[in-house]
Number of protein chains: 2
Amino acid sequence: MKINPNDATTDLSAQIATAIRDAIVSGQLIVDERLPSESELSDQFEVSRSTVREALKRLAAQSLIRTQRGAFGGAFINRISFEEAYGQQITTSTLLLSMNAVSFDVACEARFAMERACAPFAAQRRTADHLATMRAEIHCQAQPGLSDESWCASDVSFHRALVDAAQNPVMSYQLAGSVEAMQPLMNMITFTARNRETIIRLHSKIANHLDNKEAEKVEAVLVTLSDYTKTLAYDVIAAKQKQNDG
Amino acid sequence: MKINPNDATTDLSAQIATAIRDAIVSGQLIVDERLPSESELSDQFEVSRSTVREALKRLAAQSLIRTQRGAFGGAFINRISFEEAYGQQITTSTLLLSMNAVSFDVACEARFAMERACAPFAAQRRTADHLATMRAEIHCQAQPGLSDESWCASDVSFHRALVDAAQNPVMSYQLAGSVEAMQPLMNMITFTARNRETIIRLHSKIANHLDNKEAEKVEAVLVTLSDYTKTLAYDVIAAKQKQNDG
DNA sequence: GACTTTTAAATGTATGACAAATGAAAATTA
DNA sequence: TAATTTTCATTTGTCATACATTTAAAAGTC
């Protein structure tokens with residue numbers, strides 16, 4: 001692991017973080033291995049302890065290391081779990097959508113397309129637990145007087161259950177961003193009682209088809225749901241436009 | 001933005017980073033807005049400048065802020081681009097796969113399922129550029145004496161072109177991890193000349209079907225390719241097993 | 001007016017000190 | 001001896017201060 005102290009264009013702490021990150025990704029440093037102490041690292045890289053610390057904090061922010069205080073403590077290579085990765089994925093996806101003015105259509109298209117890709121596996125592997133979760137959420141969604149926020153949260157839970165039913169952690173991870181990051185966008189849409197009824201009907205169909213292991217029918221409903229969601233968004237945006245003009 | 005200095009369980013720098021991150025995600029801090037200087041922040045949070053700096057480095061590691069030196073410099077909220085996010089996505093995905101002993105089948109299934117989800121849009125929106133890229137990669141793959149590494153790199157480029165042809169940046173982002181993180185796993189498989197021929201034939205079919213905007217046929221080939229890849233992996237693993245036993 | 005120099009402000013780095021946590025080892029006790 | 005307590009060295013977390021470096025605005029110069 002080497003850095004270039006003469007490279008004035010990059011911070012030393014960034015260079016050190018990159019060097020260690022590369023060592024982790026390439027497998028030179030393995031899970032639960034202990035890095036040298038901050039003092040030792042500052043000797044090795046010939047920088048101050050502050051600089052080393054800033055580098056380590058960068059790595060900690062990416063869940064690449066964890067630190068422990070006390071004797072025999074130090075920085076350890078962290079086994080990054082799917083659970084941990086979800087959070088980062090959701091944060092990044094949320095910001096990508098909000099900061100890059102991604103249109104509702106584009107986000108919606110991506111979400112339902114990838115969810116549809118889960119359908120065949122979900123139909124094949126769903127357990128009673130998955131179905132129970134989905135039906136519980138449908139029941140929750142049918143409650144009158146449910147706030148828009150709670151409705152959306154339940155909607156997210158329903159779709160997460162669908163994705164999780166595919167029992168492929170890689171797909172669950174990839175989709176975590178798509179599904180959860182959409183929530184703020186979905187909140188834009190005010191769900192009238194009428195809209196909710198329609199969506200609940202579609203959710204019920206999905207649960208039933210999944211119960212019967214009919215993948216194609218699940219996919220078909222997802223397409224309908226996608227189209228309907230886009231229509232809703234279109235109407236809301238049009239109404240706002242009209243309001244602005246008038 | 002507040003922190004709890006009495007919470008002994010969490011580092012102050014982590015608390016501060018979280019406070020600022022939440023402000024960014026919730027939209028209280030907007031793109032290109034300048035954070036207070038490190039001195040001002042250390043006054044506000046009543047911590048030392050070092051602690052503030054460690055918090056800022058955490059945020060910088062997630063591309064949430066960028067810093068600029070000099071007068072009128074400082075830390076600015078960064079507009080995180082899809083490009084930037086790709087890199088993080090690939091790093092995280094790679095580590096998720098390697099550290100969690102994700103089986104080849106699971107990774108492969110996720111990759112091709114999501115790629116298949118792109119097919120309808122790719123067939124509809126592919127440009128001459130996309131087709132040209134794909135055909136160039138096919139030509140590259142047909143070169144005799146191509147190293148396994150180069151072959152895999154070309155394979156990744158081909159599939160990235162397919163995903164990009166869908167012209168949905170959200171899907172491209174989500175899939176970046178799946179496709180690129182698979183490369184080390186794919187490298188496990190030694191591609192004989194015979195194998196390459198088969199894959200090139202399938203790649204050519206994909207390009208042709210995409211040219212003709214025949215989405216269903218593209219999907220069918222992807223399924224074939226997925227199955228074939230899994231078979232190859234299975235054989236390689238079986239051969240290694242046999243080698244170990246004998 | 002165009003160019004150069006100065007200057008103030010900000011981040012980057014270094015050093016030293018102390019606090020707090022922690023687990024091993026040593027000392028103590030039953 | 002076995003269990004418990006205390007000591008202690010190590011390591012991270014935090015703070016304070018100093019100086020280097022960068023940068024763009026402001027002042028000065030031709």
Let's see if you can work this out: which of [options] has an atom nearest to the side-chain heavy atoms of [X]?
X	options	result
S50(B)	dC15(D), dT23(D), dT11(C)	dC15(D)
V47(B)	dC15(D), dA8(C), dT11(D)	dC15(D)
E54(A)	dA10(C), dT13(C), dT10(D)	dT13(C)
Q68(B)	dA24(D), dT11(C), dT15(C)	dA24(D)

Does the side chain of [X] get closer than 4.0 angstrom to OP1 or OP2 of [N] through an N or O atom?
X	N	result
T67(B)	dG12(C)	yes
R53(A)	dT12(D)	no
K57(A)	dG13(D)	yes

Nearest-angstrom distance from the residue atom [atom1] of [X] to [atom2] of [N]:
X	N	atom1	atom2	result
Q15(B)	dT14(D)	CD	C1'	13 Å
E38(B)	dA16(D)	CD	P	15 Å
I16(A)	dG12(C)	CD1	C1'	12 Å
E40(B)	dA10(C)	CD	P	6 Å
F76(A)	dT11(D)	CZ	P	10 Å
F72(B)	dT11(C)	CZ	P	13 Å
R49(A)	dA18(D)	CZ	C1'	18 Å
L59(A)	dT12(D)	CG	C1'	15 Å

message: Any side-chain to backbone donor/acceptor pair from R79(B) onto M99(A)? Under 3.5 Å, distance only.
response: yes

message: I want to check something: taking the side chain as every heavy atom from C-beta on, are D105(A) and K230(A) in contact at a cut-off of under 4.5 Å?
response: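 Counting from C-beta outward, D105(A) and K230(A) do come under 4.5 Å.
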
query: Contact class for T51(B) vs. all strands (heavy atom < 4.0 Å): base, sugar-phosphate, or nothing?
result: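 The answer is sugar-phosphate, as T51(B) gets under 4.0 Å only of primed atoms, P, OP1 or OP2.
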
- prompt: Looking across every strand, which nucleic acid part, if any, lies under 4.0 Å from R34(A) by heavy atom: base, sugar-phosphate, or nothing?
  reply: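 R34(A): backbone/sugar contact only, no base atoms under 4.0 Å.
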
Would you say the side chains of [X] and [Y] form a donor-acceptor pair under 3.5 Å?
X	Y	value
Q15(A)	T10(A)	no
T133(A)	H130(A)	no
Q88(A)	S63(A)	yes

- request: Could you pick out which residue, T10(A) or A71(A), lies toward the 5' side of DNA chain C when each is mapped onto its nearest nucleotide?
  value: T10(A)

task: May I ask you to verify whether the side chain of R69(A) and the base of dT11(D) hold a donor-acceptor pair under 3.5 Å?
output: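 Answer is no: no donor-acceptor pair is held.
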
